J.: 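Next up is a structure, given as structure tokens.
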Amino acid sequence: MQKVLICDLKKYIGQEITLRGWLFNKRSSGKVIFVILRDGTGYLQCVYFKGNVSGETFDAADKIGQESSIEVTGKVKEEPRAEGGYELDATDLKVIQNTHDYPITPKEHGIEFLLDNRHLWLRSKKQVAILKIRHRIVKAIRDFFDDKGFTLMDPPILTPNAVEGTSTLFETKYFDLGSAYLTQSGQLYAEAGAMALGKVYTFGPTFRAEKSKTRRHLTEFWMVEPEVAFADLNDDMDLAEEFLEYIVQTVLKNNIDELKTLERDISKLKNVKKPLPRITYDEAIEILKKKNIELEWGKDISGADETIISNQFDRPVIVHRYPAEIKAFYMKRDPENPKVALAMDVLAPEGYGEIIGGSQREDDLDELLKRIKEHNLPQEAFDWYLDLRRYGSVPHSGFGLGLERTVSWICGLDHLREAIPFPRMIYRNTP
RNA sequence: UCCGCGUUAGCUCAAUGGUAGAGCAUUCGGCUGUUAACCGAAGGGUUGUAAGUUCGAGUCUUACACGCGGAGCCA
């Protein structure tokens with residue numbers, strides 16, 4: 001007897017096969033029991049007719065509870081009445097473990113309960129679809145950079161100090177060396193890598209201890225950060241738009257079924273092709289002004305205002321040249337207007353907000369020293385970073401993309417917590 | 001840190017200050033094509049915690065705990 005996966009079913013039409021998995025749901029009508037099997041690759045309706053199977057098998061099928069682990073045997077046939085188009089004419093059932101009282105019933109549940117049971121919630125249809133799309137996005141990210149000659153470089157997760165000096169960090173004791181902090185960005189290390197390898201990217205978890213309590217925040221999230229030597233801000237924006245197009249089009253190509261499960265409106269995703277519209281911060285203020293919103297020059301664009309701006313476009317929009325004051329110390333000033341930084345953010349459509357933030361880096365040693373002083377940062381902590389400007393400094397740029405925000409946008413989720421298997425939020429670190 | 005909302009059966013929710021209820025889940029029974037199947041029955045409760053007002057509190061008051069959403073900050 002061949003053991004096959006539900007995703008490979010169509011190769012076995014007319015054959016008797018065995019599948020293993022879990023009982024997703026069950027319906028019965030006296031002499032016929034419909035067992036919906038779930039194996040991680042799909043869902044299959046298995047039909048147990050009283051006359052076609054032994055009495056013990058029929059009783060066993062009648063008694064299994066939701067999420068029991070089972071092994072089913074039967075003949076595959078095409079069946080338009082079954083979801084998915086295939087059905088198993090079952091002849092046998094082996095119960096690996098019968099279980100009852102599975103907490104997550106096929107009815108609605110509140111978010112607190114679902115998060116408490118996240119380890120089980122992952123089995124539900126929607127969560128399986130999200131996990132598969134997240135995997136596809138991660139693979140697309142790695143393929144994209146690999147095909148372009150980038151080298152993956154893993155930055156440290158334990159760091160001696162704050163990268164940007166602004167965010168609140170998770171602090172931990174580090175033997176006799178005092179405190180260490182969980183990284184909030186691998187960028188400065190990526191810059192060292194770019195000077196060694198030309199084009200690098202980092203990809204790993206990052207941590208923010210800020211007490212942010214919104215649908216757009218996690219305390220632990222994944223970020224991918226490319227860094228390119230001999231690249232200016234325009235090169236950076238070119239890379240970002242090609243990158244986003246590749247990610248979204250790859251998901252559309254490979255995960256249509258999952259997007260359907262999530263009831264995602266894919267017409268908006270299909271638009272994600274280069275070139276992306278590019279506007280300056282000043283132009284963003286003009287757009288807001290036309291909507292009767294006054295944003296004082298020098299103030300950061302709020303989440304609500306980001307949505308208004310992105311609603312003016314049918315695809316992600318790049319906003320560049322922000323006031324230098326509100327941006328990080330390492331960002332290069334625009335030589336044509338020193339009040340603005342050569343920085344750019346990519347705002348996702350449909351209110352999903354900032355998914356990419358990047359910039360051309362300050363490559364001049366004296367300028368960088370000045371910025372470190374202005375931001376009251378401890379210069380000695382950045383000695384190694386300043387060496388990158390002492391020994392063969394070149395113009396270079398990079399950006400960071402928040403993985404969960406990207407997953408959330410592409411899947412059309414209403415909260416970031418569903419975009420990562422086990423979310424870490426300010427009032428939750430279990431399961 | 002601030003603002004708002006919430007906490008009643010395993011879950012989702014009802015209940016004018018006056019006998020705590022329904023659907024789902026569970027158990028039992030019925031049904032030969034179900035699509036969150038349906039029909040019948042049963043079990044299941046210290047109403048978040050503590051105090052107070054009242055003849056009487058799930059309901060009103062206060063404090064606390066926990067959670068959710070938002071602001072700020074950020075990806």
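Order of the sequence lines sets the chain letters (A, B, ...), proteins ahead of strands, with each chain counted from 1. Please read these numbers as outputs of a predicted model, since none were measured by experiment.
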J.: Which nucleotide in the list U32(B), G70(B), A25(B) gets nearest to the side chain of Lys213(A)?
T.: G70(B)
J.: Pick the P atom in G43(B) and in G4(B), then give their distance to the nearest Å.
T.: 45 Å
J.: Please report, rounded to the nearest Å, how far the C1' atom of C13(B) is from the CD1 atom of Ile111(A).
T.: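 In whole Å, C13(B) C1' lies 17 Å from Ile111(A) CD1.
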J.: In residues 115-123 of chain A, which ones come under 4.0 Å of RNA chain B, going by heavy atoms?
T.: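 Contacting residues: none.
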J.: Does Phe207(A) have its ring centroid less than 6.0 Å away from the ring centroid of Phe221(A)?
T.: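 Aromatic pair excluded; centres sit 6.0 Å or further apart.
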J.: Looking only at atom P, what distance separates C2(B) and C64(B), rounded to whole Å?
T.: 12 Å
J.: Say you draw a straight line from CZ of Arg20(A) to NZ of Lys94(A); how long is it, rounded to the nearest 0.5 Å?
T.: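 Rounded to the nearest 0.5 Å, the CZ-NZ separation comes to 8.5 Å.
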J.: Which is more 5' along RNA chain B, the nucleotide nearest Lys31(A) or the one nearest Ser28(A)? Just name the residue.
T.: Lys31(A)
J.: Answer yes or no: does atom NZ of Lys75(A) have more than 12 heavy-atom neighbours from other residues, nucleotides or ligands under 6.0 Å?
T.: no
J.: Taking atom types as they are modelled, is there a donor-acceptor pair under 3.5 Å from the base of C74(B) to the side chain of His217(A)?
T.: yes
J.: List the residues meeting ring-ring contact (aromatic ring centres under 6.0 Å, His included) with Tyr322(A), not counting sequence neighbours, and say none if there are none.
T.: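 Partners of Tyr322(A) by the ring-ring contact (aromatic ring centres under 6.0 Å, His included) criterion, ordered by chain and then number, come out as Tyr281(A).
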J.: Between U34(B), U12(B), C68(B), spot the one nearest the side chain of Arg27(A), thanks.
T.: U34(B)
J.: Between U12(B) atom C1' and Leu114(A) atom CG, what is the distance in whole Å?
T.: 11 Å
J.: Does His109(A) have a side-chain nitrogen or oxygen under 4.0 Å from the phosphate oxygens OP1 or OP2 of C13(B)?
T.: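 No, no such contact exists.
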J.: Taking only side-chain nitrogens and oxygens of Arg417(A), does any of them come within less than 4.0 Å of OP1 or OP2 of G69(B)?
T.: yes
J.: Please determine which of Lys332(A), Lys370(A), Met331(A) meets the side chain to side chain contact (heavy atoms under 4.5 Å, CB included) test together with Glu362(A).
T.: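 The option that passes is Lys332(A).
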J.: Rounded to whole angstrom, note down the P distance from A50(B) over to A57(B).
T.: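 Straight-line distance between the two P atoms is 15 Å.
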J.: Please measure how far the C1' atom in U12(B) lies from the corresponding atom in U16(B), and state the result in whole Å.
T.: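 About 25 Å, rounded to a whole number of Å.
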J.: Can you measure Ile426(A) atom CD1 to C74(B) atom P for me and round it to whole angstrom units?
T.: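 Taking atom P of C74(B) as the reference, CD1 of Ile426(A) is at 16 Å.
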J.: So, taking the atom named CD in Glu242(A) and the one named CG in Leu276(A), what distance separates them when rounded to the nearest 0.5 Å?
T.: 11.0 Å
J.: Let's see if you can work this out: which of C68(B), U12(B), G33(B) has an atom nearest to the side-chain heavy atoms of Tyr427(A)?
T.: C68(B)
J.: Just how far, in rounded Å, is C1' of C74(B) from CE of Met331(A)?
T.: 12 Å
J.: Dot-bracket for RNA chain B, please. Rules: Watson-Crick or G-U, both distances under 3.5 Å, ( ) within the strand, [ ] when a pair crosses earlier ones, | for another strand, . otherwise.
T.: (((((((..((((....[..)))).(((((.......))))).....(((((..]....))))))))))))....
J.: Does the cation-pi check pass for Lys148(A) over Phe144(A), that is, NZ or CZ under 6.0 Å from the six-membered ring centre and within 45° of its axis?
T.: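 Yes, Lys148(A) and Phe144(A) form such a contact.
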J.: For Leu416(A), report the nucleic acid contact type (base, sugar-phosphate, nothing); a contact means any heavy atom under 4.0 Å.
T.: base
J.: Rounded to the nearest angstrom, tell me the gap between atom CZ in Arg215(A) and atom P in G4(B).
T.: 20 Å
J.: Counting side-chain heavy atoms from CB outward, which of C68(B), U32(B), U12(B) is closest to Ser29(A)?
T.: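 Looking only at heavy atoms from C-beta outward on Ser29(A), the closest nucleotide is U32(B).
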J.: Identify every side-chain donor-acceptor pair in residues 309-319 of chain A under 3.5 Å, counting partners at least two apart or on other chains, and give the distances.
T.:
from	atom 1	to	atom 2	distance (Å)
Ser310(A)	OG	Glu306(A)	O	3.3
Ser310(A)	OG	Thr307(A)	O	3.2
Asn311(A)	ND2	Thr307(A)	O	3.4
Gln312(A)	NE2	Ile308(A)	O	3.0
Arg315(A)	NH1	Asn271(A)	O	3.4
Arg315(A)	NH1	Lys273(A)	O	3.1

J.: When you measure from the side chain of Arg216(A), which nucleotide among C73(B), G69(B), U34(B) comes out closest?
T.: C73(B)
J.: With side chain to side chain contact (heavy atoms under 4.5 Å, CB included) as the criterion, how do Leu269(A) and Arg264(A) come out once you've worked through the C-alpha distance, each side chain's angles and the decisive distance to 0.1 Å?
T.: CA-CA 9 Å; Leu269(A) 295 177; Arg264(A) 182 68 167 104; 3.7 Å; yes
J.: Contact class for Leu401(A) (heavy atom, under 4.0 Å): base, sugar-phosphate, or nothing?
T.: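 Result for Leu401(A) = nothing.
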J.: Between P on U34(B) and CZ on Phe34(A), what's the gap in Å once rounded to a whole number?
T.: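 Nearest whole value for this atom pair: 7 Å.
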J.: Taking atom CD of Glu258(A) and atom CZ of Arg134(A), what is their separation to the nearest 0.5 Å?
T.: 15.5 Å
J.: List the steps, then state whether ring pair (Phe, Tyr, Trp, His ring centres under 6.0 Å) holds for Trp22(A) with Tyr43(A).
T.: CA-CA 10 Å; Trp22(A) 297 264; Tyr43(A) 303 84; over 10 Å; no
J.: Check whether any side-chain heavy atom of Phe145(A) sits under 4.5 Å from a side-chain heavy atom of Thr151(A), and report yes or no.
T.: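 Result no, sub-4.5 Å side-chain heavy-atom pair not found.
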J.: Just call it for Asn25(A): base, sugar-phosphate, or nothing, with non-hydrogen atoms closer than 4.0 Å on any strand.
T.: sugar-phosphate
J.: Say we look at U61(B) and G17(B): how far apart would their C1' atoms be, to the nearest angstrom?
T.: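 Result for the C1' pair: 14 Å, nearest Å.
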J.: Select one nucleotide: of C68(B), G33(B), C74(B), the one nearest the side-chain heavy atoms of Lys77(A).
T.: G33(B)
J.: Using a 4.0 Å cut-off on heavy atoms, which residues in residues 39-64 of chain A reach RNA chain B? List them by number, or say none.
T.: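 Output list: Gln45(A), Phe49(A).
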J.: Ignoring hydrogens and geometry beyond distance, is the side chain of Ser212(A) in donor-acceptor contact with the base of C73(B) at under 3.5 Å?
T.: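 Yes.
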J.: Could you check whether the rings of Phe329(A) and Phe382(A) sit parallel, tilted or perpendicular, using 30° and 60° as the cut-offs?
T.: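 Perpendicular.
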J.: Classify the nucleic acid contact of Glu87(A) as base, sugar-phosphate or nothing, counting any heavy atom under 4.0 Å across all strands shown.
T.: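 Base contact - Glu87(A) has a heavy atom under 4.0 Å of at least one base atom.
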J.: Sequence neighbours excluded and cut-off under 3.5 Å, please list the side-chain donor-acceptor pairs for residues 57-64 of chain A, or say none.
T.:
from	atom 1	to	atom 2	distance (Å)
Thr57(A)	OG1	Ser54(A)	OG	2.8

J.: Quick check on His119(A): does its NE2 atom have over 12 non-hydrogen neighbours (other residues, nucleotides or ligands) under 6.0 Å away?
T.: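 Yes, the 6.0 Å shell around NE2 holds more than 12 heavy atoms from other groups.
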J.: Consider the side chain of His100(A), meaning its heavy atoms from C-beta on, and name the nucleotide among U27(B), C24(B), C73(B) that approaches it most closely.
T.: U27(B)
J.: For nucleotides A20(B) and G45(B), find the distance between their P atoms and express it as a whole number of Å.
T.: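 Rounded to whole Å, the distance is 14 Å.
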J.: Suppose you measure atom C1' in A65(B) against the same atom in G48(B); what distance do you get, rounded to whole Å?
T.: 8 Å
J.: In whole Å, measure the gap between the C1' atoms of U47(B) and U8(B) for me.
T.: 4 Å
J.: Between G33(B), U27(B), G10(B), spot the one nearest the side chain of Phe113(A), thanks.
T.: G10(B)
J.: State which of G72(B), C31(B), G33(B) makes the closest approach to the side chain of Glu79(A).
T.: G33(B)
J.: Per the atom types in the model, does the base of G6(B) pair as donor or acceptor with the side chain of Glu112(A) at under 3.5 Å?
T.: no
J.: Consider the side chain of Thr214(A), meaning its heavy atoms from C-beta on, and name the nucleotide among G70(B), U32(B), C74(B) that approaches it most closely.
T.: G70(B)
